[in-house]
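The structure displayed is predicted, hence computed values, not measured ones.
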Amino acid sequence: MRTFEDINKSRIDAILKGLIDHGSLVTGSNPWNVDTRNRGVLLQGEWNEKTSQLSITVTDANWYVPREKIWESIESLMLIVRETA
């Protein structure tokens, strides 16, 4: 699990929209379960509105997908979200 700071409602909305627009299946409502439909990567996200923190957990991935590569992708995308939302 990793926690990302300074995540407000508009950033949450942008993240969820981006996931859906790129083919992910998002279920639930804080916490959200995300099936990326890519290499078996499943995520769970939980947002604490009071602290503006988003916690993301990788719950599953195909055996050949290194966890560090998943986190590199997530962290890159979170930088984009912070700059645009």
Side-chain angles (χ1 to χ4, degrees):
M1 179 180 77
R2 298 208 181 159
T3 301
F4 299 88
E5 306 288 332
D6 195 27
I7 305 297
N8 58 28
K9 177 72 168 123
S10 66
R11 289 182 175 153
I12 288 292
D13 292 342
I15 291 166
L16 294 171
K17 181 179 181 330
L19 288 165
I20 292 166
D21 288 352
H22 286 92
S24 294
L25 175 64
V26 178
T27 57
S29 178
N30 201 17
W32 297 273
N33 295 304
V34 179
D35 180 349
T36 65
R37 298 183 180 174
N38 186 4
R39 300 181 180 154
V41 176
L42 302 177
L43 309 170
Q44 184 176 65
E46 186 168 355
W47 178 51
N48 184 325
E49 186 174 4
K50 290 180 183 176
T51 63
S52 299
Q53 293 178 325
L54 175 64
S55 297
I56 299 175
T57 304
V58 177
T59 59
D60 202 7
N62 290 343
W63 64 270
Y64 57 84
V65 181
R67 290 286 199 257
E68 196 51 43
K69 289 291 183 189
I70 296 170
W71 287 117
E72 285 175 14
S73 295
I74 291 170
E75 289 173 2
S76 295
L77 292 171
M78 292 303 291
L79 287 175
I80 293 169
V81 167
R82 285 186 180 146
E83 293 171 0
T84 59

### Query
How about I7 and R82: do any of their side-chain heavy atoms sit closer than 4.5 Å?
yes

### Working for side chain to side chain contact (heavy atoms under 4.5 Å, CB included), residues F4 and I74
CA-CA 10 Å; F4 299 88; I74 291 170; 3.8 Å; yes

### Query
Under a 4.5 Å side-chain heavy-atom rule over Ile, Leu, Val, Met, Phe, Trp and Tyr, are W63 and L42 clustered together?
no

### Query
From H22 NE2 over to K17 NZ, what is the distance, rounded to the nearest 0.5 angstrom?
9.0 Å

### Message
Can you give me the closest heavy-atom contact between V34 and S24, atom names plus distance?
### Response
CG1-CB, 3.9 Å

### Message
If you compare all heavy atoms of I56 against all heavy atoms of W71, which two are closest, and at what distance to 0.1 Å?
### Response
O-CH2, 3.1 Å

### Query
Do you know which two heavy atoms are closest between N30 and W47, and how far apart they sit?
OD1-N, 2.8 Å

### Query
For Q44, which of T57, T59, N33 qualifies under side chain to side chain donor-acceptor pair (under 3.5 Å)?
N33

### Query
Between I20 and V41, is there a shared hydrophobic cluster once you connect ILVMFWY residues whose side-chain heavy atoms come closer than 4.5 Å?
yes

### More than 12 heavy atoms of other groups within 6.0 Å of E49 CD
no

### Message
If we ignore hydrogens and angles and just use 3.5 Å, is the side chain of N8 paired with the main-chain N or O of S10 as donor and acceptor?
### Response
yes

### Message
For a quick test of reading the model, state the closest non-hydrogen atom pair linking P31 to E46 and the distance between them.
### Response
CB-CB, 4.3 Å

### Message
Please check: side-chain N/O of T36 versus main-chain N/O of N38, any donor-acceptor pairing under 3.5 Å?
### Response
yes

### Task
Work out which heavy atom in P66 is nearest to a heavy atom in Y64; give both atom names and the distance.
CD-O, 3.2 Å

### Task
Report yes if some heavy atom in the side chain of W32 is under 4.5 Å from a heavy atom in the side chain of L19; otherwise report no.
no

### Query
Checking R11 side chain against D6 main chain: does a donor-acceptor pair fall under 3.5 Å?
yes

### Task
Measure across T3 and M1 and return the closest heavy-atom pair with its distance rounded to 0.1 Å.
OG1-CE, 4.3 Å

### Message
For R2 and E68: C-alpha separation, side-chain torsions, deciding distance, then whether salt bridge (charged side-chain N to carboxylate O under 4.0 Å, His left out) applies.
### Response
CA-CA 12 Å; R2 298 208 181 159; E68 196 51 43; 3.5 Å; yes

#### Entry: N48 side-chain N/O to Q53 backbone N/O, donor-acceptor pair under 3.5 Å
no

